[in-house]
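Before any comments, here is the structure.
Throughout, numbering of the chain's residues begins at 1 and tracks the sequence.
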Amino acid sequence: EKKVIYTWNKYQAGEFNDKIDEYIKEQTTFDKPEKEIKASIIKVSELMSMKCEPINWIIDGWLMEKTICGLYAPAGTGKSAIAQALGTCVSQGYDYGNKLKVQERYKTLYVACEDTTNIFQSRQKSINSSVGIFDEAGLENFLYMERVGEDNRLCSFDDATEPKLTKFYYYLEKEIKHQNIKFLILDVLQDFFGGNEIVRSDVNYFMKAVLGKMVKDLGVTILVIAHPSLTGQSGHKYSGSTSWRGGFRSMWYLDKLDD
(Lines give C-alpha, C1' and ligand atoms only; values in the text may rest on other atoms or scores of the structure.)
Protein backbone atom coordinates (compact mmCIF):
# COMPACT_ATOMS: atom_id res chain seq x y z
CA GLU A 1 0.00 0.00 0.00
CA LYS A 2 1.35 3.41 -0.97
CA LYS A 3 2.07 5.62 2.02
CA VAL A 4 1.02 9.24 1.66
CA ILE A 5 2.84 11.88 3.67
CA TYR A 6 1.03 15.18 4.12
CA THR A 7 3.15 18.24 4.61
CA TRP A 8 2.14 21.27 6.63
CA ASN A 9 1.75 23.36 3.45
CA LYS A 10 -0.61 20.87 1.86
CA TYR A 11 -2.62 20.67 5.08
CA GLN A 12 -2.96 24.44 5.06
CA ALA A 13 -4.06 24.30 1.45
CA GLY A 14 -6.97 22.10 2.44
CA GLU A 15 -5.89 18.83 0.82
CA PHE A 16 -5.93 17.10 4.22
CA ASN A 17 -9.12 18.58 5.67
CA ASP A 18 -11.36 15.74 4.55
CA LYS A 19 -9.06 13.14 6.13
CA ILE A 20 -8.21 14.83 9.41
CA ASP A 21 -10.78 12.90 11.46
CA GLU A 22 -9.16 9.65 10.43
CA TYR A 23 -5.73 10.71 11.67
CA ILE A 24 -6.46 12.77 14.75
CA LYS A 25 -8.18 11.25 17.76
CA GLU A 26 -9.93 13.85 19.83
CA GLN A 27 -8.94 13.79 23.49
CA THR A 28 -11.76 14.69 25.85
CA THR A 29 -10.23 13.70 29.18
CA PHE A 30 -9.65 17.29 30.30
CA ASP A 31 -12.62 18.87 28.55
CA LYS A 32 -15.11 18.24 31.34
CA PRO A 33 -16.92 21.30 32.69
CA GLU A 34 -15.52 22.75 35.88
CA LYS A 35 -18.81 22.09 37.67
CA GLU A 36 -18.03 18.35 37.55
CA ILE A 37 -14.81 18.82 39.51
CA LYS A 38 -15.31 18.72 43.27
CA ALA A 39 -12.51 20.01 45.43
CA SER A 40 -12.03 22.47 48.26
CA ILE A 41 -9.00 24.67 48.81
CA ILE A 42 -8.36 26.23 52.20
CA LYS A 43 -5.51 28.14 53.75
CA VAL A 44 -3.61 26.04 56.26
CA SER A 45 -3.71 28.99 58.66
CA GLU A 46 -7.52 28.84 58.59
CA LEU A 47 -7.51 25.06 58.78
CA MET A 48 -5.47 25.11 61.97
CA SER A 49 -7.96 27.44 63.61
CA MET A 50 -10.75 24.90 63.12
CA LYS A 51 -11.67 22.15 65.56
CA CYS A 52 -9.59 19.02 65.00
CA GLU A 53 -11.62 15.85 65.45
CA PRO A 54 -9.85 13.14 67.49
CA ILE A 55 -8.68 9.93 65.84
CA ASN A 56 -10.83 7.07 67.07
CA TRP A 57 -10.03 3.38 67.06
CA ILE A 58 -12.53 0.56 66.64
CA ILE A 59 -9.81 -1.83 67.79
CA ASP A 60 -7.17 -0.01 69.78
CA GLY A 61 -3.95 0.27 67.77
CA TRP A 62 -5.20 -2.12 65.07
CA LEU A 63 -8.25 -0.73 63.27
CA MET A 64 -8.82 3.01 62.89
CA GLU A 65 -12.36 4.29 62.57
CA LYS A 66 -13.53 5.31 59.06
CA THR A 67 -10.68 3.58 57.23
CA ILE A 68 -10.27 0.49 55.04
CA CYS A 69 -8.45 -2.56 56.37
CA GLY A 70 -7.42 -5.67 54.44
CA LEU A 71 -7.31 -9.14 56.01
CA TYR A 72 -5.29 -11.49 53.79
CA ALA A 73 -4.96 -15.22 54.33
CA PRO A 74 -4.62 -18.40 52.24
CA ALA A 75 -7.64 -20.66 51.85
CA GLY A 76 -8.37 -22.85 54.85
CA THR A 77 -6.71 -20.68 57.49
CA GLY A 78 -9.99 -19.59 59.09
CA LYS A 79 -10.06 -15.96 57.98
CA SER A 80 -13.86 -15.92 57.55
CA ALA A 81 -14.35 -17.43 61.01
CA ILE A 82 -12.01 -14.86 62.54
CA ALA A 83 -13.72 -12.00 60.68
CA GLN A 84 -17.12 -13.25 61.86
CA ALA A 85 -15.89 -13.50 65.44
CA LEU A 86 -14.40 -10.02 65.15
CA GLY A 87 -17.68 -8.70 63.78
CA THR A 88 -19.48 -10.30 66.71
CA CYS A 89 -17.16 -8.66 69.24
CA VAL A 90 -17.27 -5.24 67.58
CA SER A 91 -21.07 -5.32 67.41
CA GLN A 92 -21.23 -6.14 71.13
CA GLY A 93 -18.34 -3.99 72.34
CA TYR A 94 -16.37 -7.04 73.53
CA ASP A 95 -12.59 -7.38 73.36
CA TYR A 96 -11.39 -10.04 70.92
CA GLY A 97 -8.95 -12.18 72.83
CA ASN A 98 -6.31 -10.63 75.06
CA LYS A 99 -4.80 -8.16 72.61
CA LEU A 100 -7.57 -6.73 70.41
CA LYS A 101 -9.29 -4.13 72.57
CA VAL A 102 -12.66 -3.01 71.19
CA GLN A 103 -13.49 0.56 72.21
CA GLU A 104 -17.30 0.56 71.88
CA ARG A 105 -20.26 -1.07 70.11
CA TYR A 106 -20.56 -0.55 66.35
CA LYS A 107 -23.51 -1.80 64.34
CA THR A 108 -21.97 -4.34 61.98
CA LEU A 109 -22.91 -5.82 58.61
CA TYR A 110 -21.22 -8.97 57.26
CA VAL A 111 -21.62 -9.48 53.50
CA ALA A 112 -20.81 -13.11 52.65
CA CYS A 113 -20.09 -14.23 49.08
CA GLU A 114 -18.54 -17.64 49.88
CA ASP A 115 -20.27 -19.13 52.93
CA THR A 116 -23.98 -19.94 52.92
CA THR A 117 -26.41 -19.02 55.67
CA ASN A 118 -26.19 -22.51 57.19
CA ILE A 119 -22.39 -22.27 57.53
CA PHE A 120 -22.61 -18.77 59.01
CA GLN A 121 -25.27 -19.87 61.49
CA SER A 122 -23.33 -22.93 62.61
CA ARG A 123 -20.15 -20.90 63.03
CA GLN A 124 -22.03 -18.22 64.99
CA LYS A 125 -23.18 -20.79 67.57
CA SER A 126 -19.56 -21.72 68.25
CA ILE A 127 -18.55 -18.05 68.44
CA ASN A 128 -21.36 -17.27 70.88
CA SER A 129 -20.22 -20.08 73.16
CA SER A 130 -16.58 -19.01 72.96
CA VAL A 131 -17.23 -15.31 73.53
CA GLY A 132 -19.86 -15.88 76.20
CA ILE A 133 -23.01 -14.69 74.45
CA PHE A 134 -25.91 -16.61 75.98
CA ASP A 135 -28.70 -14.20 75.10
CA GLU A 136 -28.73 -14.34 71.31
CA ALA A 137 -31.31 -11.57 71.16
CA GLY A 138 -28.41 -9.23 71.91
CA LEU A 139 -27.01 -9.95 68.45
CA GLU A 140 -29.52 -7.60 66.84
CA ASN A 141 -26.58 -5.19 66.42
CA PHE A 142 -24.88 -7.71 64.08
CA LEU A 143 -26.40 -8.09 60.60
CA TYR A 144 -25.70 -10.71 57.94
CA MET A 145 -26.24 -10.59 54.16
CA GLU A 146 -25.80 -13.73 52.06
CA ARG A 147 -24.70 -13.07 48.45
CA VAL A 148 -23.50 -16.53 47.39
CA GLY A 149 -24.00 -17.05 43.65
CA GLU A 150 -24.81 -13.38 42.95
CA ASP A 151 -23.00 -10.69 40.97
CA ASN A 152 -21.37 -8.76 43.80
CA ARG A 153 -19.16 -6.36 41.86
CA LEU A 154 -19.32 -2.86 43.32
CA CYS A 155 -17.79 -1.29 40.21
CA SER A 156 -17.54 -2.34 36.57
CA PHE A 157 -14.49 -1.65 34.43
CA ASP A 158 -14.75 -1.32 30.65
CA ASP A 159 -11.82 -0.31 28.46
CA ALA A 160 -14.13 1.82 26.33
CA THR A 161 -15.72 3.80 29.17
CA GLU A 162 -14.96 5.17 32.61
CA PRO A 163 -15.49 2.84 35.61
CA LYS A 164 -19.09 2.77 36.81
CA LEU A 165 -20.66 1.99 40.15
CA THR A 166 -23.00 -0.99 39.91
CA LYS A 167 -26.59 -1.57 41.02
CA PHE A 168 -25.29 -3.64 43.91
CA TYR A 169 -23.13 -0.73 45.09
CA TYR A 170 -26.18 1.52 45.32
CA TYR A 171 -28.22 -1.24 46.97
CA LEU A 172 -25.53 -1.78 49.60
CA GLU A 173 -25.23 1.97 50.11
CA LYS A 174 -28.98 2.20 50.70
CA GLU A 175 -28.93 -0.62 53.25
CA ILE A 176 -25.96 0.86 55.11
CA LYS A 177 -27.85 4.14 55.42
CA HIS A 178 -31.13 2.47 56.38
CA GLN A 179 -29.58 0.19 59.00
CA ASN A 180 -27.09 2.82 60.23
CA ILE A 181 -24.15 0.45 59.73
CA LYS A 182 -20.79 1.61 61.09
CA PHE A 183 -18.63 -1.48 60.55
CA LEU A 184 -18.79 -3.32 57.21
CA ILE A 185 -17.13 -6.69 56.51
CA LEU A 186 -16.77 -7.73 52.85
CA ASP A 187 -15.99 -11.42 52.27
CA VAL A 188 -14.18 -11.71 49.82
CA LEU A 189 -12.39 -9.02 47.82
CA GLN A 190 -12.39 -10.98 44.55
CA ASP A 191 -16.21 -10.89 44.49
CA PHE A 192 -16.51 -7.14 44.95
CA PHE A 193 -13.68 -5.97 42.69
CA GLY A 194 -14.58 -6.05 39.00
CA GLY A 195 -11.26 -4.98 37.52
CA ASN A 196 -7.80 -6.38 36.89
CA GLU A 197 -5.90 -6.77 40.16
CA ILE A 198 -2.52 -6.05 38.54
CA VAL A 199 -3.66 -2.85 36.81
CA ARG A 200 -2.73 0.01 39.10
CA SER A 201 -5.43 2.38 37.83
CA ASP A 202 -8.20 -0.21 38.38
CA VAL A 203 -7.03 -0.96 41.92
CA ASN A 204 -6.52 2.69 42.80
CA TYR A 205 -10.01 3.61 41.55
CA PHE A 206 -11.65 0.78 43.47
CA MET A 207 -9.88 1.57 46.72
CA LYS A 208 -10.40 5.33 46.63
CA ALA A 209 -13.45 6.08 44.45
CA VAL A 210 -15.50 3.03 45.45
CA LEU A 211 -14.59 1.86 48.97
CA GLY A 212 -13.19 5.28 49.82
CA LYS A 213 -16.45 6.86 48.68
CA MET A 214 -18.36 4.59 51.07
CA VAL A 215 -16.13 5.62 53.95
CA LYS A 216 -16.45 9.33 53.17
CA ASP A 217 -20.17 9.40 52.35
CA LEU A 218 -21.44 6.90 54.91
CA GLY A 219 -18.92 7.13 57.76
CA VAL A 220 -18.29 3.38 57.80
CA THR A 221 -15.17 1.41 58.63
CA ILE A 222 -14.52 -1.41 56.15
CA LEU A 223 -12.76 -4.74 56.67
CA VAL A 224 -12.06 -6.53 53.38
CA ILE A 225 -11.14 -10.22 53.40
CA ALA A 226 -8.86 -11.35 50.57
CA HIS A 227 -6.76 -14.20 49.22
CA PRO A 228 -3.04 -13.68 48.53
CA SER A 229 -1.49 -15.08 45.36
CA LEU A 230 0.75 -18.14 45.50
CA THR A 231 3.74 -15.81 45.27
CA GLY A 232 2.24 -13.57 47.91
CA GLN A 233 1.91 -16.40 50.39
CA SER A 234 5.68 -16.72 50.55
CA GLY A 235 6.56 -13.10 49.91
CA HIS A 236 4.63 -9.84 50.00
CA LYS A 237 1.44 -11.42 51.47
CA TYR A 238 -1.13 -10.06 48.97
CA SER A 239 -2.02 -10.42 45.30
CA GLY A 240 -1.69 -7.99 42.40
CA SER A 241 -0.61 -4.36 42.19
CA THR A 242 1.22 -2.61 45.02
CA SER A 243 -1.72 -0.19 45.02
CA TRP A 244 -3.56 -2.71 47.19
CA ARG A 245 -0.97 -2.29 49.90
CA GLY A 246 -0.98 1.47 49.45
CA GLY A 247 -4.79 1.70 49.47
CA PHE A 248 -5.40 -0.07 52.77
CA ARG A 249 -4.89 2.00 55.89
CA SER A 250 -3.92 -1.21 57.66
CA MET A 251 -3.24 -4.75 56.44
CA TRP A 252 -3.39 -7.96 58.43
CA TYR A 253 -2.05 -11.34 57.37
CA LEU A 254 -3.19 -14.62 58.81
CA ASP A 255 -1.20 -17.83 58.40
CA LYS A 256 -1.01 -21.26 59.94
CA LEU A 257 1.75 -21.95 62.44
CA ASP A 258 4.28 -24.58 61.49
CA ASP A 259 3.64 -27.94 63.12
Side-chain angles (χ1 to χ4, degrees), residues 55-91 96-97 99-102 106 108-115 145 147 152-155 157 163 168-169 172 176 181-256:
I55 294 175
N56 296 317
W57 296 86
I58 288 184
I59 303 174
D60 193 22
W62 281 75
L63 181 57
M64 191 183 297
E65 190 181 73
K66 300 178 183 178
T67 61
I68 309 167
C69 175
L71 170 57
Y72 280 81
T77 52
K79 59 185 176 298
S80 294
I82 287 179
Q84 186 174 338
L86 186 61
T88 302
C89 290
V90 169
S91 71
Y96 184 70
K99 293 184 178 181
L100 302 185
K101 304 298 182 182
V102 176
Y106 289 83
T108 301
L109 172 62
Y110 192 113
V111 184
C113 300
E114 290 190 327
D115 294 333
M145 180 190 295
R147 292 285 299 177
N152 299 301
R153 290 174 296 176
L154 297 175
C155 182
F157 294 84
F168 181 58
Y169 175 92
L172 187 57
I176 291 173
I181 300 299
K182 295 303 178 185
F183 185 40
L184 175 66
I185 301 174
L186 300 177
D187 186 4
V188 294
L189 173 62
Q190 287 76 3
D191 287 277
F192 301 101
F193 175 59
N196 188 329
E197 68 172 12
I198 66 173
V199 176
R200 188 182 299 272
S201 59
D202 285 7
V203 175
N204 191 59
Y205 188 92
F206 180 75
M207 292 299 296
K208 296 177 182 177
V210 181
L211 298 186
K213 175 178 171 60
M214 276 192 175
V215 171
K216 183 177 180 180
D217 294 349
L218 307 176
V220 295
T221 303
I222 303 177
L223 175 64
V224 184
I225 303 172
H227 299 286
S229 63
L230 288 175
T231 304
Q233 292 180 34
S234 59
H236 48 64
K237 306 304 183 184
Y238 60 95
S239 179
S241 168
T242 54
S243 288
W244 290 115
R245 190 178 186 92
F248 288 116
R249 180 69 184 185
S250 54
M251 283 184 67
W252 307 342
Y253 188 79
L254 176 67
D255 204 352
K256 293 181 178 179

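Applying the salt bridge (charged side-chain N to carboxylate O under 4.0 Å, His left out) rule to Asp115 yields the partners Arg123; only residues at least two apart in sequence or on another chain are considered. Every ring pair (Phe, Tyr, Trp, His ring centres under 6.0 Å) that Phe157 has, sequence neighbours left out, goes to Phe193.
Counting heavy atoms of neighbouring residues, nucleotides and ligands inside a 6.0 Å radius, atom NZ of Lys208 does not exceed 12 of them. For CH2 of Trp62, the number of neighbouring non-hydrogen atoms (other residues, nucleotides, ligands) closer than 6.0 Å is 12 at most.
Phe206 and Trp244 have perpendicular rings, their planes meeting at more than 60° on a 0 to 90° scale where under 30° would count as parallel.
Atom OH of Tyr110 sits about 10.0 Å away from atom CG of Leu186, to the nearest 0.5 Å. Between Ile68 atom CD1 and Leu211 atom CG the span is 4.5 Å, to the nearest 0.5 Å. Note that the CG atom of Asn152 and the CD atom of Glu114 stand 10.5 Å from one another [nearest 0.5 Å]. Between the CE atom of Met145 and the CG atom of Leu109 there is a distance of 5.0 Å, given to the nearest 0.5 Å. Atoms CG and OG1, on Asn204 and Thr242 in that order, are 10.0 Å from each other to the nearest 0.5 Å. Between the CG atom of Asp187 and the NZ atom of Lys79 there is a distance of 7.5 Å, given to the nearest 0.5 Å.
Applying the salt bridge (charged side-chain N to carboxylate O under 4.0 Å, His left out) test to every pair with at least one member in residues 215-227, sequence neighbours left out, gives these pairs: Lys213-Asp217.
Of the possible polar contacts, one joining the Thr221 side chain to the Lys66 backbone as a donor-acceptor pair under 3.5 Å is found. Looking at Thr108, its side chain does come within 3.5 Å of a backbone N or O of Tyr106 through a donor-acceptor pair.
Residues Leu63 and Val90 form no side-chain contact, since every pair of their non-hydrogen atoms from C-beta on lies 4.5 Å or further apart. Between Asp191 and Arg147, the closest side-chain pair of non-hydrogen atoms is not below 4.5 Å.
When all heavy atoms are compared, the tightest approach of Cys69 to Phe248 is C-CD2, 3.5 Å.
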